[in-house]
Number of protein chains: 2
Amino acid sequence: MNVAFINPFIVSMKQVMAMMASIDLDVLQPALKKDAVSRGEVSGIIGMVGPQVRGSMAISLEKDLSFAMMKNMLAEDVQELNDSVCDMVGEITNMICGSAKGHLSEQGYEFEMATPVIVSGVEHLIQHKVEGPKIILPFSSSQGNAYLEICFDG
Amino acid sequence: MNVAFINPFIVSMKQVMAMMASIDLDVLQPALKKDAVSRGEVSGIIGMVGPQVRGSMAISLEKDLSFAMMKNMLAEDVQELNDSVCDMVGEITNMICGSAKGHLSEQGYEFEMATPVIVSGVEHLIQHKVEGPKIILPFSSSQGNAYLEICFDG
């Protein structure tokens with residue numbers, strides 16, 4: 001995987017979460033992800049396809065963080081992973097991937113985004129089926145942790 | 001959603017399962033999917049992007065059916081949803097979507113496929129975030145049931 005792909009996703013995750021949800025994320029150490037266990041209870045997944053790029057991105061959020069986002073973005077006080085939370089996670093996934101797409105386009109890498117799919121459940125497993133390595137980027141905040149997984153073929 | 005999109009997926013699901021896994025599927029009644037609960041314990045999801053097409057496809061398999069496929073395709077006797085099962089589900093997802101892509105291309109609808117993502121866990125929830133309806137196509141077999149979900153924007 002081209003390391004130039006990583007930073008636009010980190011920047012976009014931080015920017016979108018700050019701007020849309022007033023959540024200030026600290027970036028922790030990126031790592032290779034060897035297992036398939038999702039780190040959060042709700043995840044948004046989006047496919048990416050382009051001439052030089054084919055892969056998938058997932059954001060995985062701890063439950064409490066997703067509830068804090070519901071409060072900050074929609075003034076809704078939720079206590080369970082309902083349809084509204086899933087919708088919000090889908091929107092945020094779209095925005096983060098869309099922002100990274102913009103940054104990468106400036107560097108000459110073009111891709112189109114599929115529609116997001118939201119998965120929830122305790123310890124659900126998410127396995128990206130790609131040829132290349134799977135990178136996990138952890139983020140912490142006072143409202144809970146978030147994880148960004150990016151994987152590309154080749 | 002264009003109803004012309006549905007049949008190529010049904011045909012491809014039946015063909016790939018028969019040819020690759022020697023599983024004979026009966027096609028049950030298609031329905032609109034209103035909830036997000038996955039019907040099987042392991043699901044393969046793939047994004048699709050093209051000029052006239054943007055959406056996602058998921059196949060969801062009952063555990064026992066995925067074990068029967070492991071036996072038929074790889075002569076492996078597995079009793080749990082391990083990495084090999086997830087890999088196999090990823091391959092089958094690719095093949096079914098690839099086959100449907102071929103059929104749809106003949107009708108003038110072109111799209112590219114993202115990389116598949118495999119999700120497992122009991123009663124994991126899968127929510128496709130699209131503008132259009134979500135169609136679920138159930139299939140039965142003597143080894144267990146399979147479900148195909150297809151969703152497109154617009």
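Any value given below was found using the heavy atoms of this structure, including those in side chains, with hydrogens, waters and symmetry copies removed.
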Which bit of B:Val49 comes within less than 4.5 Å of chain A, counting heavy atoms only: side chain, backbone, both or neither?
-> side chain

Most contact-rich option vs chain B, by heavy-atom pairs under 4.5 angstrom, among A:Gly90, A:Gly44, A:Gly55, is A:Gly55

Going only through I, L, V, M, F, W and Y residues with side-chain contacts under 4.5 Å, is there a path from B:Leu148 to B:Phe5?
-> yes

Under 4.5 Å to a heavy atom of chain B? For A:Asp87 that would be both

Could you pull out the closest heavy-atom pair between A:Met48 and B:Ala114, with the gap in Å?
-> N-CB, 3.8 Å

Please answer: with hydrophobic residues joined when any side-chain heavy atoms are less than 4.5 Å apart, are B:Met20 and B:Tyr147 in the same cluster?
-> no

Do A:Leu28 and A:Phe139 share a hydrophobic cluster (ILVMFWY, side-chain heavy atoms under 4.5 Å, transitive)?
-> no

Which side-chain N or O atoms in residues 68-81 of chain A pair as donor and acceptor under 3.5 Å with protein atoms at least two apart or in another chain?
unit_1  : atom_1 : unit_2  : atom_2 : d
A:Asn72 : ND2    : A:Ala21 : O      : 2.8
A:Asp77 : OD1    : A:Gln79 : NE2    : 3.4

Please report the shortest heavy-atom distance between A:Met113 and B:Arg54, naming the atom on each side.
-> O-NE, 2.9 Å

Highest number of heavy-atom pairs under 4.5 Å with chain B among A:Val119, A:Val117, A:Thr115 belongs to A:Thr115

ILVMFWY network linking A:Ile96 to A:Ile136, side-chain heavy atoms under 4.5 angstrom | no

